[in-house]
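Read through the structure below, which is laid out as structure tokens, and then see the notes.
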Amino acid sequence: MEHQGALCETRTTCSLVAWISSPSGRAVLAVMLANAIGQSAPPASTRHAFRDRIRKALPVVPRAVERGELPAGTNPAELIKTLVAPIYFRALITRESVDDSTADAAAAVAMAAAHAGVFG
């Protein structure tokens with residue numbers, strides 16, 4: 001599968017996959033999950049870390065809109081959440097390995113959803 005334009009080439013998904021696949025990324029995620037187990041809500045530090053990652057990725061969306069890769073009115077936060085969800089699901093829930101093909105598939109799904117008007 002070919003890299004999905006702005007969503008992978010700007011390293012939104014590719015860098016997430018690389019981080020999750022690294023020893024330090026796996027360690028950070030393990031600690032974040034361990035702290036959340038048995039809690040009614042994730043700890044503030046975990047929520048902050050995920051919100052910060054989303055916030056840092058948001059500028060990718062308007063740039064993709066400007067280039068005509070995404071439709072105008074696309075909600076950046078919802079697109080980014082949809083983009084990273086399958087990657088986190090595989091890494092954290094099903095414990096599958098993730099790689100560039102995982103990133104490409106996630107980007108393809110997010111792009112298709114955006115073009116179908118799901119995000120605005």
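Predicted model only: the values in this text are computed from it and were never measured.
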Quick check: is Val118 connected to Ile80 through a chain of hydrophobic side chains (ILVMFWY, heavy atoms under 4.5 Å apart)?
yes
Distance (rounded to the nearest 0.5 Å) between Leu79 CG and Phe119 CZ
5.0 Å
Backbone N/O of Glu69 and side chain of His115: donor-acceptor pair under 3.5 Å:
yes
Just so I know, are the side chains of Tyr88 and Ile93 near enough to count as touching, which here means a heavy-atom distance under 4.5 Å?
no
Crowding at NE2, His48 (>12 non-hydrogen neighbours, <6.0 Å):
no
Pro86 and Thr82: which non-hydrogen atoms are nearest, and at how many Å?
CD-O, 3.1 Å
Euclidean distance, Leu58 CG relative to Arg63 CZ, rounded to 0.5 Å:
10.5 Å
When you measure from the side chain of Thr102 to the backbone N and O of Asp99, does any donor-acceptor pair fall under 3.5 Å?
yes
For the atom pair NZ (Lys81) and CG (Asn75), what is the distance rounded to the nearest 0.5 Å?
8.0 Å
Quick one: closest heavy-atom pair of Pro71 and Val65, and the distance?
O-CG2, 3.5 Å
Candidates Val98, Asp100, Leu83 - the one meeting side-chain contact (heavy atoms from CB on, under 4.5 Å) with Thr13:
Leu83
Please report the interatomic distance OG(Ser15) to NZ(Lys56), rounded to the nearest 0.5 Å.
10.5 Å
Any side-chain heavy-atom pair from Ile20 and Arg90 closer than 4.5 angstrom?
no
Mind checking whether Val84 and Phe50 have side chains closer than 4.5 Å, heavy atoms only?
no
Could you see if Ile54 belongs to whatever hydrophobic cluster contains Val61? Use Ile, Leu, Val, Met, Phe, Trp, Tyr and a side-chain cutoff under 4.5 Å.
yes
Please determine whether residues Val17 and Met32 belong to a single hydrophobic cluster, defined as Ile, Leu, Val, Met, Phe, Trp and Tyr linked transitively by side-chain heavy-atom distances below 4.5 Å.
yes
Distance (rounded to the nearest 0.5 Å) between Thr46 OG1 and Gln39 CD
9.5 Å
Kindly confirm or rule out a cation-pi arrangement of Arg26 over Trp19, judged by NZ or CZ under 6.0 Å from the six-membered ring centre and within 45° of its axis?
no
